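Everything below concerns the one structure shown next.
This is a predicted model, so every value here is computed, not measured. To find a chain, count down the sequence lines: A is the first, B the second, and so on, and within it residues start at 1.
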There are 2 protein chains.
Amino acid sequence: MYSVFLEHIQKFISLETFEIDILESSLAISKINKKEHVLQESQVCNTMYFIIKGCFRQYIINNKGIEQTLQFGVESWWITDYLSFHNHTPSHFYIQAVENSEIIAIKKNVLESLLIQIPKLERYLRIVSQKTFGAAQMRIKFLFTMSAEERYQHFSNLNPEFVQRVPQYMLASYLDFSAEFMSKIRAGKA
Amino acid sequence: MYSVFLEHIQKFISLETFEIDILESSLAISKINKKEHVLQESQVCNTMYFIIKGCFRQYIINNKGIEQTLQFGVESWWITDYLSFHNHTPSHFYIQAVENSEIIAIKKNVLESLLIQIPKLERYLRIVSQKTFGAAQMRIKFLFTMSAEERYQHFSNLNPEFVQRVPQYMLASYLDFSAEFMSKIRAGKA
DNA sequence: TGCATTTCTTGAAGCAGTTCAAGTTTTTTA
DNA sequence: TAAAAAACTTGAACTGCTTCAAGAAATGCA
């Protein structure tokens, strides 16, 4: 089951057999059940998570006590709080499994040791995080320019399967409107 | 004037003298005048820009013909369209100088050659882009949880000098409200 | 210096989306 | 498979912010 991970890396760099051995012997796959958290607000985040199987979300609890999902992650995505990770500051976020999932959890010191043994991984992580930031820029563009209904239509056209996979209220908050309004959009009453 | 660049890199990795020589001989500083563009919508972006001096913004023109600023960059920030850069797809963005500025423009092939000669730069860029993505996550949090007035107050508390530096209408669109509403917030009439 | 351009201000009218509250449907679990 | 919990729906009242239009102030440039 490491294949999901190794294949993702090898989309960007090529690995020697010995490097694959290092990765497999340094890393483990953990099962995380639906609704379990891998990060809670105010914790310092010292781990990066690569999703092998399942779905996670990063969310906050706003001042009205409502959960707002800021990011989803599925197979082959990384999820973590990079700011907390790099600055050793308490996180503002929760990261939770939305489905029963399998992840590779890489602690900071393990990551550093892997990056020394396999320096090419810096390149892999550099490219992946630049592309992820590019995707975040597009997300902000959509949030700024589209109405709630347009954001929903656009997202469901691009990710029809994913829309089935998560509760509507989570998707509503990810698209920055209320769960009630999502209901009205879907009923054509918006 | 490369010092701004070299010092930024050396916050994250250390450079040997020969590596500094390679950088200085491969790179040039360009002056970009206020209002000049370094990227236009529909162009493929094949350059990364490091800002030595001045200020840039990334913006779009929305369907009402109004400019909306998605991102600012000042001294020691990188600015580019990473999605267009990595996927060779036409950009959705404009990147423009807000002040008379100086930048280091690094084309993709020059970057690749530098990364081969100084592999450590992968690490520098990896860390910088992960932190930048972390900042984007926080930005989305603020957009989701704060009212227009709270976003303005929060931003001006964190960046009091910067607020003086750019036209109000650019900052208004960056904070996702109208220029008119900015005026009312500042007058205490919101 | 003076004209043109850009930027900022103000008020009135309007509306996209929220909030609240209550009920219904679906899913989970014992 | 029944009861509990989670998720979804609906309508009515409300509001934070936009839009429009017009004028005032500041800045840039010949």
Side-chain angles (χ1 to χ4, degrees), chain A residues 33-37 54-55 57 59 61-69 72 94 96-101 142-156 162-190, chain B residues 33-37 54-55 57 59 61-69 72 94 96-101 142-156 162-190:
Chain A
N33 285 326
K34 187 169 171 172
K35 301 207 176 172
E36 266 186 71
H37 288 88
C55 178
R57 65 173 179 142
Y59 71 95
I61 297 183
N62 70 19
N63 50 17
K64 282 154 207 139
I66 295 186
E67 295 174 1
Q68 289 195 267
T69 299
F72 288 108
Y94 297 82
Q96 183 193 46
V98 176
E99 303 171 351
N100 293 333
S101 301
F142 295 134
L143 288 170
F144 275 26
T145 56
M146 291 181 178
S147 69
E149 176 148 24
E150 284 168 342
R151 294 198 296 279
Y152 173 71
Q153 296 299 347
H154 180 259
F155 188 89
S156 356
F162 184 78
V163 172
Q164 306 304 320
R165 214 168 145 178
V166 297
Q168 279 176 41
Y169 73 89
M170 284 186 196
L171 187 54
S173 72
Y174 175 78
L175 295 173
D176 200 23
F177 48 76
S178 67
E180 292 92 336
F181 198 64
M182 170 70 100
S183 221
K184 286 163 193 170
I185 289 171
R186 288 167 50 97
K189 296 173 190 165
Chain B
N33 285 324
K34 188 170 172 172
K35 299 207 178 170
E36 268 186 71
H37 288 87
C55 178
R57 65 173 180 142
Y59 71 94
I61 297 185
N62 71 18
N63 50 18
K64 282 154 206 139
I66 295 186
E67 295 173 1
Q68 289 195 267
T69 299
F72 289 107
Y94 298 83
Q96 184 194 44
V98 176
E99 304 171 350
N100 294 334
S101 301
F142 295 134
L143 287 170
F144 276 26
T145 56
M146 291 181 177
S147 70
E149 176 149 24
E150 286 168 341
R151 294 199 296 278
Y152 172 72
Q153 297 298 348
H154 179 258
F155 187 89
S156 358
F162 185 77
V163 172
Q164 306 305 321
R165 212 167 147 179
V166 297
Q168 280 177 41
Y169 73 89
M170 284 186 198
L171 186 55
S173 72
Y174 175 78
L175 296 174
D176 200 22
F177 48 76
S178 67
E180 292 91 337
F181 198 65
M182 170 69 99
S183 222
K184 286 163 194 172
I185 289 172
R186 288 166 50 96
K189 297 174 187 164

**Prompt:** Should the ring pair A/F155 and A/Y174 be called parallel, tilted or perpendicular, given that the plane angle runs from 0 to 90° and is split at 30 and 60?
**Reply:** perpendicular
**Message:** Return a single string for nucleotides 4-23 of chain C, one symbol per nucleotide in 5' to 3' order, where B is base contact, S is sugar-phosphate-only contact and - is none, cutoff 4.0 angstrom on heavy atoms.
**Reply:** ---SSBBBB----BBBB---
**Prompt:** Going by the salt bridge (charged side-chain N to carboxylate O under 4.0 Å, His left out) test, which pairs reach into residues 168-187 of chain A, not counting sequence neighbours?
**Reply:** none
**Global bending angle along the helix from C/dT1-D/dA30 to C/dA30-D/dT1, which compares the axes of five pairs at either end, to 10 degrees** = 60°
**Prompt:** Can you tell me if B/T145 uses its side chain to pair, donor with acceptor, with the backbone of A/N62 under 3.5 Å?
**Reply:** no
**Request:** Without swapping roles, check the side chain of B/S156 against the backbone of B/Y152 for a donor-acceptor pair under 3.5 Å.
**Result:** yes
**Residue from A/R165, A/K34, A/K35 passing side-chain hydrogen bond (donor to acceptor under 3.5 Å, both in side chains) with A/E99** = A/R165
**Prompt:** Step by step, would you call B/F72 with B/F162 a ring-ring contact (aromatic ring centres under 6.0 Å, His included)?
**Reply:** CA-CA 10 Å; B/F72 289 107; B/F162 185 77; 5.0 Å; yes
**Prompt:** Is the backbone of B/S147 close enough, under 3.5 Å, to the side chain of B/E150 for a donor and an acceptor to pair up by distance?
**Reply:** yes
**Message:** Nearest 0.5 angstrom please: B/Q68 CD to B/K64 NZ, how far?
**Reply:** 8.0 Å
**Item:** Value in whole Å for how far the P atom of D/dC8 lies from CD of A/E67
**Value:** 13 Å
